[in-house]
Amino acid sequence: MSSLLLLASAETPDLSMFDPVSPSAKSIRDLSILVMIITGLIFLVVEAVLCYCLLRFRRSTPGGNEPPQIYGSQPIEIAWSVAPALIVFMLVLITTRTLWEVNTDLPKPRADDRALFVTVVGHQWWWEYIYESHDGRKLGFTTSNELHIPVGDDTARPVYLTLKSSDVCHSFWVPRLAGKTDLIPGRTNHTWFQTARPGLYLGQCAEYCGCQHANMLIRVVAEPIEDFERWLDHQQQPAVVEADLHVAQGAFLSQSCINCHRVRGTTAAGTFGPDLTHLMSRQTLASGMIPNTPENLRAWLVNPQNIKAGCLMPAFGLNKHDLDQIVDYLLVLR
Amino acid sequence: MAVVEQEPVLLRAYQFTPEPDSASWSAVLHICVMTVDHKKIGIMYVIMALVFLVIGGIEALLIRFQLLFPRNNLIGPETFNGLFTMHGTTMVFFVGMPILIGIGNYLVPLMIGARDMAFPRLNAFGFWATLFGGLLLYFCFVTGGAPTMGWFAYAPLTEHTFARSAATDFWALGLAVSGFGTLTAGINFIATILAMRAPGMTLRKIPFFVWTMLWTAVLILFAIPPLTVALTMILLDRNLGTHFFDVQNGGSAFLWQHLFWFFGHPEVYILILPVFGMVSEVIPVFSRKVLFGYEFMAAATAAIAFISLGVWAHHMYAVGMSRVVDLYFAAASLVVSIPTGIKLFNWLATMYGGRIILASPMLFAVGFLSMFLIGGLTGIMLAVVPFDLQLTDSYFVVGHFHWVLIGGTLFGTFAGIHYWYPKVTGRMLSERLASWQFWLLYVGFILTFGPMHVAGFLGMPRRIYTYDAGLGWDFWNQVTTIGAIIQVPSYAILVFNLITSLWKGQPAGDNPWHAWTLEWATTSPPPAYNFETIPTVHSRRPLWDLSHPDDPDWKYE
């Protein structure tokens with residue numbers, strides 16, 4: 001079984017909890033393997049006894065003398081009560097150790113703390129990321145569906161997430177970075193992770209949250225600190241529009257897009273849907289469902305329900321002219 | 001009819017159940033509706049559960065076909081979410097509980113030497129409330145579709161904002177109504193077991209199945225009312241404008257989770273304790289040995305019942321409770337494994353040194369032993385908080401609880417059905433068909449639910465209607481679906497065997513398995529009054545005492 005698992009996780013390292021890249025996910029992995037060894041041994045012993053009983057005491061024909069009747073034995077009962085109790089005691093101890101490693105308190109941002117603080121808001125069915133501060137520096141911009149974090153190669157660069165929900169319960173789960181933490185309306189939770197390995201880490205909402213729960217995907221981009229700083233600087237800028245696209249921008253701003261979406265630097269200030277200020281800097285659309293290409297963007301605008309049935313963005317029935325203009329405009333929101 | 005003269009009060013109850021001259025449909029229906037006989041009610045419970053099992057099974061198959069391929073377009077998200085909601089609700093409330101309460105209903109009075117349950121009319125009410133609860137749930141399809149919030153219905157998905165159709169109301173109403181039925185069954189079991197035992201049958205001498213039914217009933221008494229209250233709160237929120245779970249107006253989504261799991265975890269033990277009882281009857285008889293360590297087994301049952309009332313929040317490690325609270329629930333959940341282990345060891349000790357006959361009941365009981373162990377061990381993994389933070393709400397959990405509910409509850413229940421069918425009908429089931437059913441189920445079950453654990457390890461969350469290719473999940477989902485398909489003929493064989501054996505089966509006689517408890521002392525099927533004269537009992541195995549007058553049990557107990 002375990003070799004089968006290793007094989008499977010080697011082929012597809014993307015979401016396996018046995019391929020952790022963060023300290024908390026690593027201590028969970030170590031604990032898990034220990035627990036699996038313990039339960040595996042119990043499994044082998046008990047199944048072996050069962051098989052022995054079946055092989056040794058099976059009779060193919062009924063009848064014959066009744067075997068000796070043994071009503072019980074107090075010493076044996078006490079023995080097989082105490083032995084599991086000892087195992088349970090040991091399991092509680094190792095659980096405690098790892099629990100205190102994994103589940104730490106949320107610190108306050110301080111100057112030069114090398115930490116990133118992000119508030120994550122779960123929505124039906126997308127993620128809002130509000131960047132609060134980095135390295136003690138206040139940020140205060142919003143993006144969605146793609147979480148960028150710095151990797152700490154020689155120094156640890158922890159990422160602290162404050163988790164909230166705007167509607168129903170969700171759960172933030174990127175298996176290689178950390179275990180799950182739920183986002184519950186009316187409560188504030190938090191989680192943390194850090195990694196020294198650049199890369200794309202996938203996850204998805206793990207608490208059933210309605211129709212498109214399956215497509216509430218998480219993408220965490222871990223990049224070297226220089227790239228991350230560059231990304232931060234870029235994201236903090238408002239949207240820039242060349243002069244020849246003012247007509248296209250007008251088409252966007254005159255539609256009801258702006259009731260739900262925000263483009264910083266314009267009058268579009270809706271907060272019900274994802275922030276579009278730097279839409280084209282993201283790799284995917286529809287919360288990780290499809291690649292962010294001009295064709296997909298256009299198809300999405302024509303009818304989001306064709307791509308993500310049940311999502312809260314309706315088809316607006318735009319005419320071809322408006323559609324062209326709005327796509328042109330969105331494509332420059334890099 | 002000497003009995004009738006001695007018991008004029010009991011006779012009155014049976015005047016409502018005249019035996020028909022001809023078995024016309026209307027006559028049968030009349031008996032079903034009018035009867036207060038615990039045996040007929042028990043059979044009706046089991047038939048109802050089997051019908052819902054087929055419905056819930058079809059829902060499961062549709063779910064599996066959708067997940068056969070990544071980005072499959074067979075079933076859309078709304079329908080898929082409705083399917084898993086109905087599947088879970090059906091299997092827990094309208095298959096698991098009714099089949100166990102039904103078997104208990106049939107057997108408890110027979111096993112303790114009583115003529116009926118303590119409250120026969122309440123008993124009939126309990127069945128009809130359960131059945132109509134189920135019909136009320138399925139009435140939602142008439143009103144425009146299934147509810148889509150999952151069987152544990154996390155608030156605020158049940159609020160009007162997120163669930164506009166009346167389906168959620170029918171769901172809550174159906175469960176509340178069937179809950180009243182279950183509650184009355186629990187009260188009835190407790191009263192019957194405490195007050196109706198045959199002369200000489202002290203609580204230390206009741207058959208082990210009766211012992212587990214007693215604790216199941218106690219759990220029902222503690223677990224169902226919180227659910228009823230929570231369902232009422234949903235209905236008030238949705239229909240009268242209260243705000244219990246309406247977060248925007250100061251309600252608490254978190255409150256629902258506590259209320260639901262305070263019911264939900266004892267519920268798991270309601271679904272497994274009677275099965276512990278059934279295999280504790282089957283294993284001794286087919287090992288030809290007395291149950292090893294009856295007192296310790298009884299104490300372990302009581303311990304499981306008590307502890308199970310204090311472990312509910314182990315379903316909620318990821319909601320952000322404090323570490324200390326998490327640790328308490330982890331420790332309490334792990335402690336449950338001690339009495340459960342005691343039970344397993346005692347069953348093995350019963351088999352050890354016996355003369356094991358692998359007839360169909362024992363085959364299923366051994367299937368239960370070998371599989372329930374795995375469900376218990378994955379339960380230990382889930383109790384360990386940090387491990388659970390990765391596993392909870394993943395397919396690992398789906399694999400785990402199906403392993404417990406099918407590997408445990410269903411295999412054990414099938415052991416019971418094969419064991420007591422001759423008593424209920426007077427005919428033996430076909431052993432050949434039973435063996436086909438067993439092996440198809442055993443293989444299909446492992447193939448279905450084994451790969452789910454792996455998918456969970458690989459990061460697949462539960463309740464997703466589709467998934468992307470290339471995440472390593474495709475293969476495991478395909479094996480799961482194949483496993484589900486292999487299970488289908490197994491259930492078909494069971495139904496075929498149950499029906500055709502009614503007239504094709506060998507006549508069973510009173511005691512075909514040479515068993516030792518009181519139900520085997522009467523005819524098969526038993527008369528309406530169960531026993532001509534109420535027997536006097538001296539030990540846990542009265543029929544052993546009869547056949548071994550030189551070496552009776554009561555000398556050793």
Side-chain angles (χ1 to χ4, degrees), chain A residues 5 8 11-12 14-18 28 31-32 35 39 42-43 46-47 49-50 53 57-59 62 66-67 69-72 77 80-81 84-85 88 91-92 95-96 98-100 102-103 168-169 171 175 179-182 184-187 189 204 206-208 210-214 309-310, chain B residues 76-78 81 150 154 156-157 162 247 252-254 288-290 292-293 296 318-320 323 326-327 330-331 334-335 337-338 341-342 344-345 348 351-358 369-370 373 377 380-381 384-387 389-390 392-393 454 457-459 461 463-466 471-472 556:
Chain A
L5 284 175
E11 280 169 2
T12 56
D14 296 308
L15 283 96
S16 170
M17 62 165 287
F18 290 103
I28 291 179
L31 171 73
S32 304
V35 172
T39 50
I42 299 172
F43 169 79
V46 178
E47 298 283 359
V49 173
L50 177 63
C53 284
F57 300 111
R58 187 180 169 191
R59 300 287 181 274
E66 303 279 22
Q69 302 293 307
I70 297 159
Y71 293 81
E77 298 282 355
W80 65 40
S81 307
V88 162
L91 285 169
V92 171
T95 300
T96 310
T98 310
L99 180 60
W100 258 255
V102 168
N103 190 346
V168 299
C169 297
S171 189
K180 297 175 196 72
T181 311
D182 290 356
I184 297 170
R187 279 176 72 90
N189 280 335
Q204 67 187 90
E207 186 67 78
Y208 175 68
C211 184
Q212 278 290 350
H213 166 58
Chain B
E78 276 298 300
N81 298 342
Y154 268 13
L157 278 174
F162 302 103
V247 186
S252 168
F254 199 43
R288 307 309 303 160
K289 272 182 70 197
V290 67
F292 192 91
F296 280 87
V319 302
R323 285 173 298 222
D326 280 350
L327 187 63
L334 287 168
V335 165
S337 66
I338 301 172
I342 292 174
L344 262 174
F345 301 144
L348 291 173
M351 290 169 69
Y352 188 90
R355 289 179 57 88
I356 297 172
I357 303 294
L358 276 183
L369 287 180
S370 62
L373 169 68
L377 293 174
I380 288 179
M381 297 185 200
V384 173
V385 185
F387 202 174
L389 291 176
Q390 290 284 16
T392 185
D393 275 315
V454 185
F457 281 146
L458 296 179
R463 300 179 161 175
I464 54 173
Y465 78 95
T466 193
L471 300 174
Y556 306 99

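Quantities reported herein were computed from a predicted structural model and do not represent experimental measurements. Here is how names work: the chains are called A, B, and so on, in the same order as the sequence lines, proteins then strands, and each is numbered from 1.
B:Phe457 and A:Phe18 have their aromatic ring centers within a separation under 6.0 angstrom.
Residue B:Ser370 touches chain A through both its backbone and its side chain, counting heavy-atom pairs closer than 4.5 Å. Heavy atoms closer than 4.5 Å to chain B are found in the side chain of A:Ile184, but not in its backbone. Heavy atoms closer than 4.5 Å to chain A are found in the side chain of B:Val247, but not in its backbone. Interface remark: A:Asn189 contributes side-chain atoms only to the contact with chain B (heavy atom separation under 4.5 Å). Interface residue B:Phe162: only side-chain heavy atoms are found under 4.5 Å from chain A. Contact annotation for A:Val35: only side-chain heavy atoms (C-beta onward) come within less than 4.5 Å of a heavy atom of chain B. Contacts of A:Arg187 with chain B are made by side-chain atoms alone, with heavy-atom separations under 4.5 Å and no backbone atom involved. Looking at A:Val168, both its backbone and its side chain come within 4.5 Å of chain B, counting heavy atoms on both sides. Heavy-atom distances place both the backbone and the side chain of A:Leu50 under 4.5 Å from chain B.
The most heavy-atom pairs under 4.5 Å with chain B, out of A:Val49, A:Ile42, A:Asn103, come from A:Asn103. Comparing B:Gly354, B:Ala330, B:Gly76 by heavy-atom pairs within less than 4.5 Å of chain A, the highest count is held by B:Gly354. When each of B:Val335, B:Leu348, B:Thr466 is scored by its heavy-atom pairs under 4.5 Å with chain A, the top score falls to B:Leu348. In terms of non-hydrogen atom pairs under 4.5 Å with chain B, the most contact-rich of A:Gln212, A:Glu66, A:His213 is A:Glu66. Interface remark: of the candidates A:Ser171, A:Pro185, A:Pro84, A:Pro185 forms the most heavy-atom pairs closer than 4.5 Å to chain B. Chosen from A:Val88, A:Thr181, A:Leu91, A:Val102, the residue pairing most often with chain B at heavy-atom distances under 4.5 Å is A:Val88. Per-residue heavy-atom pair counts under 4.5 Å with chain A were compared for B:Pro156, B:Ser252, B:Gly150, and the maximum is reached by B:Pro156.
Atoms SG and OH, from A:Cys211 and B:Tyr465 in turn, are 7.0 Å apart once rounded to the nearest 0.5 Å. Note: B:Leu327 CG to A:Trp100 CH2 = 5.0 Å, rounded to the nearest 0.5 Å. Expressed to the nearest 0.5 Å, how far CG of B:Leu458 lies from CE of A:Met17 amounts to 10.5 Å.
Using cut-offs of 30° and 60° on the angle between ring planes, the pair B:Tyr352 and A:Phe57 is perpendicular.
Here the shortest heavy-atom pairing between B:Phe387 and A:Leu31 reads N-CD2, 4.2 Å. B:Leu377 and A:Phe43 make their closest contact through CD1-CB, 3.5 Å (heavy atoms, listed as atom of the first residue, atom of the second, distance). The two residues B:Asp326 and A:Leu99 make their nearest non-hydrogen contact at CB-CD2, 4.0 Å. Between A:Ala206 and B:Pro461, the closest heavy-atom pair is CA-CB, 4.2 Å. Here the closest non-hydrogen pair linking A:Thr95 and B:Pro386 is CG2-CD, 3.9 Å. The minimum heavy-atom distance between A:Ile70 and B:Val290, with the atom names listed, is O-CG1, 3.3 Å.
Using a 4.5 Å heavy-atom cutoff, the side chains of B:Tyr154 and A:Glu207 are in contact. A:Ser32 has its side chain out of reach of B:Met381: every pair of non-hydrogen atoms, C-beta onward, lies at least 4.5 Å apart.
The side chain to side chain contact (heavy atoms under 4.5 Å, CB included) test with A:Tyr208 singles out one residue from B:Asp393, B:Ile464, B:Asn81, and that residue is B:Asn81.
Judged by distance alone, the side chain of A:Lys180 and the main-chain N or O of B:Gln390 form a donor-acceptor pair under 3.5 Å.
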